[in-house]
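Quick caveat, the model's predicted, so the values are computed rather than measured.
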Amino acid sequence: MRPPARHPGPPQPRTEISFLPCPHCGAEIRNTALRCPACGAEKHFGPTLYETAFCALAGALALPLAVWAVTGAAHWFWLGLTCAAGAALGVLAALFRFSATRWLKP
């Protein structure tokens with residue numbers, strides 16, 4: 001009679017360490033590093049506060065101007081509503097545009 005098969009258990013974490021060049025200075029850094037020890041560049045996930053604010057401001061200005069150019073009328077209610085919608089679209093644009101992992105120099 002054959003014994004029951006053993007369950008292999010949960011997968012073990014990989015222990016191999018690899019090194020990559022820093023995109024700014026070229027120094028060898030670990031693939032899991034969040035900061036380069038040589039030049040101080042940091043791995044950043046998503047948009048910075050400046051990028052988000054810039055895109056929101058651009059959207060808050062561009063959408064009302066576009067609506068005004070098409071309709072030719074500007075009412076304060078619609079102006080405020082299109083400013084808010086433009087700012088929201090700007091924030092979404094920043095999230096999609098800068099969503100990748102990047103190395104930023106401080």
Side-chain angles (χ1 to χ4, degrees):
M1 181 165 214
R2 207 161 101 191
R6 291 184 139 186
H7 186 270
Q12 298 298 319
R14 293 173 47 177
T15 57
E16 58 189 60
I17 298 173
S18 62
F19 291 91
L20 303 170
C22 173
H24 287 281
C25 67
E28 291 286 322
I29 56 174
R30 295 176 112 178
N31 61 344
T32 58
L34 296 177
R35 177 181 288 233
C36 175
C39 68
E42 294 179 347
K43 190 182 274 190
H44 191 76
F45 305 96
T48 63
L49 182 61
Y50 172 77
E51 292 163 346
T52 305
F54 179 80
C55 290
L57 181 62
L61 293 176
L63 188 62
L65 285 174
V67 169
W68 177 73
V70 170
T71 62
H75 189 271
W76 290 109
F77 172 75
W78 294 111
L79 182 66
L81 191 64
T82 55
C83 280
L89 289 174
V91 169
L92 285 175
L95 288 172
F96 283 110
R97 166 65 179 90
F98 302 107
S99 63
T101 303
R102 305 175 286 156
W103 284 89
L104 299 176
K105 191 104 173 179

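Nearest heavy-atom pair across Thr82 and Leu63 is O-CD2, 3.5 Å. The nearest pair of heavy atoms linking Pro21 to Gly26 is CB-O, 4.0 Å. Of all non-hydrogen atoms in Thr52 and Ala94, the two that sit nearest each other are CA-CB, 4.0 Å. The heavy-atom pair separating Leu65 from Leu61 by the smallest distance is CG-O, 3.2 Å. In terms of heavy atoms, Pro64 sits closest to Gly59 at CD-O, 3.9 Å.
In terms of the side-chain hydrogen bond (donor to acceptor under 3.5 Å, both in side chains) criterion, residue partners of Ser18 (sequence neighbours excluded) are, by chain and number, Asn31.
Each salt bridge (Lys or Arg N to Asp or Glu O under 4.0 Å) pair with one or both residues in residues 43-66, not counting sequence neighbours, appears once here: Glu51-Arg102.
No more than 12 heavy atoms of other residues, nucleotides or ligands shown are found within 6.0 angstrom of OH on Tyr50. Open room surrounds CZ on Phe96; 12 or fewer heavy atoms of other groups in view lie less than 6.0 Å from it.
Atom SG of Cys55 is separated from atom CG of Leu89 by 11.5 Å, given to the nearest 0.5 angstrom. In this structure, CH2 on Trp103 lies 7.0 Å from CG on Leu34, to the nearest 0.5 angstrom. Atom SG of residue Cys36 and atom CD of residue Glu28 lie 10.0 Å apart, to the nearest 0.5 angstrom.
At least one donor-acceptor pair closer than 3.5 Å links the side chain of His44 to the backbone N or O of Gly46.
Under a 4.5 Å side-chain heavy-atom cut-off, the cluster of Ile, Leu, Val, Met, Phe, Trp and Tyr residues that includes Leu81 is completed by Phe77, Trp78.
Two residues are said to be in side-chain contact when any heavy atoms from C-beta on lie closer than 4.5 Å; Leu95 and Pro47 meet this criterion.
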